[in-house]
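Ligands are counted one by one from 1 in listed order, and the atoms in each one are counted from 1 as well. Keep in mind the model is a prediction, meaning the values are calculated, not measured.
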Amino acid sequence: MEILDSVQMASADKYTIEKIGIPSTVLMENAASGIAEIIKNLDVKKDKIAVFAGSGNNGGDGITLARKCYNAGYKIDLYLTSPPEKLKGDPLLNYNILQYYPVRIFNAFEDKLLEDYDIIVDSIFGTGLTRPVEGKYKSLIKKLNELPGFKIAIDMPSGLAGNTNAVIGECFRADVTVTMCRAKIPHKIYPAKKFCGKVEVVDISIPDFAVASVKPYIYEITENNIEKLNKRESDSHKGKFGHAVIIGGSAGKTGAALMASKSCAKAGAGLTTTVIPSALNLAAELGNPEVMSFPAGSGDYFRENDAKDVTEFINDKTVAAIGPGMGRNDKTIEFIKQIIAATNLPLVIDADGLYGLDQNDFEKLRFRSIITPHIGEFARIVNKTNEEVINNKLELVREFSTNYGIVTVLKSADTIIGIPDGTIFVLNTGTPALAKGGSGDCLTGLITSFVSQNCTFKNSAVYGVWILGKTAEHLTNIYNERTILVSDLIDNLWIEINELYRNN
Ligand SMILES: NC(=O)C1=CN([C@@H]2O[C@H](COP(=O)(O)OP(=O)(O)OC[C@H]3O[C@@H](n4cnc5c(N)ncnc54)[C@H](OP(=O)(O)O)[C@@H]3O)[C@@H](O)[C@H]2O)[C@@H](O)CC1
Ligand SMILES: Nc1ncnc2c1ncn2[C@@H]1O[C@H](COP(=O)(O)OP(=O)(O)O)[C@@H](O)[C@H]1O
Ligand SMILES: [K+]
């Protein structure tokens, strides 16, 4: 499903109203009906509802909702943030209609809140907000957050801006956000996402072709649109599923290479080899019997002198991952740079593998690579602070992927995948069980495995993130989010892989 920014949403509205001719009043009516329906279905007490409405169209949705809630039999009070004389257009029209209904109307700043409400509806600002709220609006939002009732935001929690995942200032903290037509950026991407609660999308009669007309470029991967995995031909053999190589390990971090390799084999690569500093080879031989190993050099970390042998070994393979547990020794960094320069093989680069890379190295990776940095690793790559990356994830990932022709998997509680044509995929799978060393190594192994099995880079990245996240969700449901180890995730990869086969 597409994720829109506020400008795209406004353009899709405009297209629907002006080109197709559906009146904006109808859209507002539909929005209010959709929100009322969601309120009816909520499993919370809802005898007394307060709607806080601003002067724009978001306020108009709230004013219209007050009428719908009255019709549904709830006791409803409306608190306006501006004098009624300031209303215009559809909000004014709906305010005038509401005069015929026995709904009490107050001023949100001047009148005292009358009762303890079961539900607080925030329709102060929607996608029209572009700057942080200040003064009395800020105080009002703070006050609403302190009220005990269940909190519903219409379209956006007031205080968030519709075109960024950054939290720009004080904002309403919703239990449920009901948005129109499509989810917007802050609904789906942290840190703004944290303020939205559960996001419900209502259809207000904006057709798919109106959405397509605004050229969306951000998509959320869900159960409904993830491509299914193909069943294997009955006469297939291991040669069909590629030979994947995981280059990793250094003294103290051998396990990272082993976990990535095991994940790779488990997800279906035809053959998997761990390329490992020779002093650590025994651990690979004993630790992963299903995986082969190639001992490199003579020490317990990679050095530039090992690059020639390793390049020769990997050159006829299908894909190589570089990074898990390699360490950051200068000689290891030189080794990685030489491998990148000396081979044209598809590469998946993660963790320490990314540490010493510069613009020159990334240029050499064009159209044959996937990188899988977490926030800190990506901040280093693009020369920004972690904070800047968190608040500008979409733009930074898009810019990097299009400039260098590299698939970028920016990992965090949500994961953003950027592909070279400028499309962004957002995945919200996973649980805090993954906030544990080694999850990233498992992801590297999974992505490498799917590249080896001839999936596109985009699909390989999507499958890796999806399967890792869903596996964590399954296990968190059974156990908890603390005690799950990466080896548990690897043992249980089959659960989600089975799901991806369903119905084909
Ligand atoms: N169009 C349609 O067909 C449909 C639209 N729909 C609904 O419309 C919503 C968008 O409506 P919108 O564009 O009127 O903007 P909205 O979010 O109400 O806010 C604008 C108002 O806030 C004010 N303001 C802004 N920032 C401020 C600040 N920091 N501090 C103080 N004031 C500030 C700003 O004043 P200004 O700064 O411009 O003077 C203006 O008065 C959308 O989210 C959805 O709910 C649905 O009904 C479906 C059909
Ligand atoms: N709270 C969370 N919710 C969902 N996914 C998470 C969460 N925390 C971490 N993850 C996922 O776990 C993986 C962690 O990778 P990384 O940060 O490289 O860790 P490590 O290097 O320790 O393995 C990433 O895929 C990330 O998206
Ligand atoms: K709102």
(Q) Strictly less than 4.0 Å: does any protein heavy-atom distance to atom 12 (P) of ligand 1 fall in that range? (A) yes

Q. Ligand 1 versus P132, non-hydrogen atoms closer than 4.0 Å: side chain, backbone, both, neither?
A. backbone

Q: Return yes if some donor-acceptor pair links the side-chain N/O of D488 with the main-chain N/O of L485 below 3.5 Å, else return no.
A: yes

Q | Test item: protein heavy atom less than 4.0 Å from atom 34 (C) of ligand 1 | A | no

Q: Would you mind telling me if ligand 2 is within reach of the side chain of D350, the backbone, both or neither, using heavy atoms under 4.0 Å?
A: neither

Q. Of all the non-hydrogen atoms in the protein, which one sits nearest to atom 22 (O) of ligand 2, and at what distance?
A. G437 CA, 3.1 Å

Q.
Quick check on the K ion (ligand 3): does M156 put an N/O/S atom closer than 3.4 Å to it?
A. yes

(Q) Within ligand 2, which atoms have a heavy atom of D441 less than 4.0 Å away? (A) 23 (O)

Q) Which protein non-hydrogen atom lies closest to atom 18 (O) of ligand 2, naming both residue and atom, and how far is it? A) K411 NZ, 2.6 Å

Q: Please check if a non-hydrogen protein atom sits closer than 4.0 Å to atom 39 (O) of ligand 1.
A: no

**Q.** Atom pair CD1 (I49) and CD1 (I119), whose distance is rounded to the nearest 0.5 Å
**A.** 4.5 Å

Q) Can any side-chain N or O of R398 pair as donor or acceptor with the backbone N or O of G418 at less than 3.5 Å? A) no

Q.
Please determine whether side-chain hydrogen bond (donor to acceptor under 3.5 Å, both in side chains) holds for the pair T25 and D90, giving the CA-CA distance in whole Å, both sets of side-chain angles, and the decisive distance to 0.1 Å.
A. CA-CA 6 Å; T25 329; D90 298 324; 3.3 Å; yes

Q: Report the part of D90 (side chain from C-beta onward, or backbone N, CA, C, O) that has a heavy atom under 4.0 Å from ligand 1; answer both or neither where that applies.
A: neither

Q.
Within the protein, is there a heavy atom lying under 4.0 Å from atom 25 (O) of ligand 2?
A. yes

Q. Would you call Y101 and I76 a side-chain contact if the rule is heavy atoms closer than 4.5 Å?
A. no

Q. Hey, mind stepping through K411 and D350 against side chain to side chain contact (heavy atoms under 4.5 Å, CB included) and telling me if it holds?
A. CA-CA 11 Å; K411 303 178 293 194; D350 180 38; 3.2 Å; yes

Q | Pair D441 + K262, salt bridge at N-O below 4.0 Å | A | no

**Q.** Part of T16 with heavy atoms under 4.0 Å of ligand 1, whether side chain, backbone, both or neither
**A.** neither

Q: Indicate yes or no for a side-chain donor-acceptor contact from D352 to the backbone of R328 under 3.5 Å, with no hydrogens or angles considered.
A: no

Q.
Which atom name does D122 have for its N/O/S atom nearest to the K ion (ligand 3)?
A. O

Q. Looking at ligand 1, does any of its N/O atoms fall within less than 3.5 Å of an N/O of Y137?
A. no

Q) Hey, is R131 touching ligand 1 through its side chain, its backbone, both or neither, going by heavy atoms under 4.0 Å? A) both

Q) Would you call K40 and E37 a salt bridge, taking side-chain N to carboxylate O under 4.0 Å as the test? A) yes

**Q.** Minimum-distance protein heavy atom relative to atom 1 (N) of ligand 2
**A.** P432 CA, 3.5 Å

Q) Is there a side-chain contact between I22 and I17, using heavy atoms and a 4.5 Å cut-off? A) no

Q.
Please classify the V465 to ligand 2 contact at 4.0 Å (heavy-atom distances, strictly less than): side chain, backbone, both or neither.
A. neither

Q) Looking only at side chains, do S6 and T127 share a donor and an acceptor under 3.5 Å apart? A) no

**Q.** Short N or O distance, N57 and ligand 1, threshold 3.5 Å exclusive
**A.** yes

Q | Residue F125, metal the K ion (ligand 3), N/O/S under 3.4 Å | A | yes

Q) Relative to each other, are the rings of F125 and Y137 parallel, tilted or perpendicular (30° and 60° limits)? A) tilted

Q. Which atoms from ligand 2 have a heavy atom of H374 less than 4.0 Å away?
A. 17 (O), 18 (O)

Q. Considering all heavy atoms of both residues, which atom of Y95 and which atom of I105 are nearest to each other, and what is their separation?
A. CE1-CD1, 3.8 Å

(Q) Distance alone, cut at 3.5 Å: any donor-acceptor contact between the side chains of N480 and T483? (A) yes

Q: Sort out for me which residue in I370, L365, T372 forms a side-chain contact (heavy atoms from CB on, under 4.5 Å) with V407.
A: I370

Q: Return the option from I416, D414, L434 holding the heavy atom at the smallest distance from atom 10 (N) of ligand 2.
A: L434

Q: Please state whether the separation between the K ion (ligand 3) and some N/O/S atom of A153 is under 3.4 Å?
A: no

Q: State, with a plain yes or no, whether a side-chain heavy atom of L140 is found less than 4.5 Å away from one of F109.
A: yes

Q) With only distance considered, is M28 within less than 3.5 Å of ligand 1 through an N or O on each side? A) no

Q. Just distances here: any N/O of T127 and N/O of ligand 1 closer than 3.5 Å?
A. yes

Q. Any N/O of G440 closer than 3.5 Å to an N/O of ligand 2?
A. yes

**Q.** Close approach of G469 to ligand 2, heavy atoms, under 4.0 angstrom
**A.** no

Q: Establish, yes or no, whether a centroid distance under 6.0 Å links the rings of F400 and F378.
A: yes

Q: Using non-hydrogen atoms of the residue, decide whether S412 is closer than 4.0 angstrom to ligand 2.
A: yes

Q: Decide whether an N or O pair under 3.5 Å exists between L443 and ligand 2.
A: no

Q: Would you confirm whether K253, through its side chain, and P324, through its main-chain N or O, come within 3.5 Å as a donor-acceptor pair?
A: no

(Q) I'd like to know whether ligand 1 has S6 as a neighbour, heavy-atom separation below 4.0 Å. (A) no

(Q) Please check whether G128 reaches ligand 1 - meaning an N/O of the residue sits under 3.5 Å from an N/O of the ligand, judged on distance alone. (A) yes

Q. Is it the side chain (CB and beyond), the backbone, both or neither of D61 that lies under 4.0 Å from ligand 1, heavy atoms counted?
A. side chain

Q: Work out whether the distance between some heavy atom of G60 and some atom of ligand 1 is less than 4.0 Å.
A: no

Q. Any Lys/Arg nitrogen of K470 or E473 sitting under 4.0 Å from an Asp/Glu carboxylate oxygen of the other?
A. yes

**Q.** Nearest option to atom 3 (N) of ligand 2, as decided by whichever heavy atom of T415, T431, L489 sits closest
**A.** T431

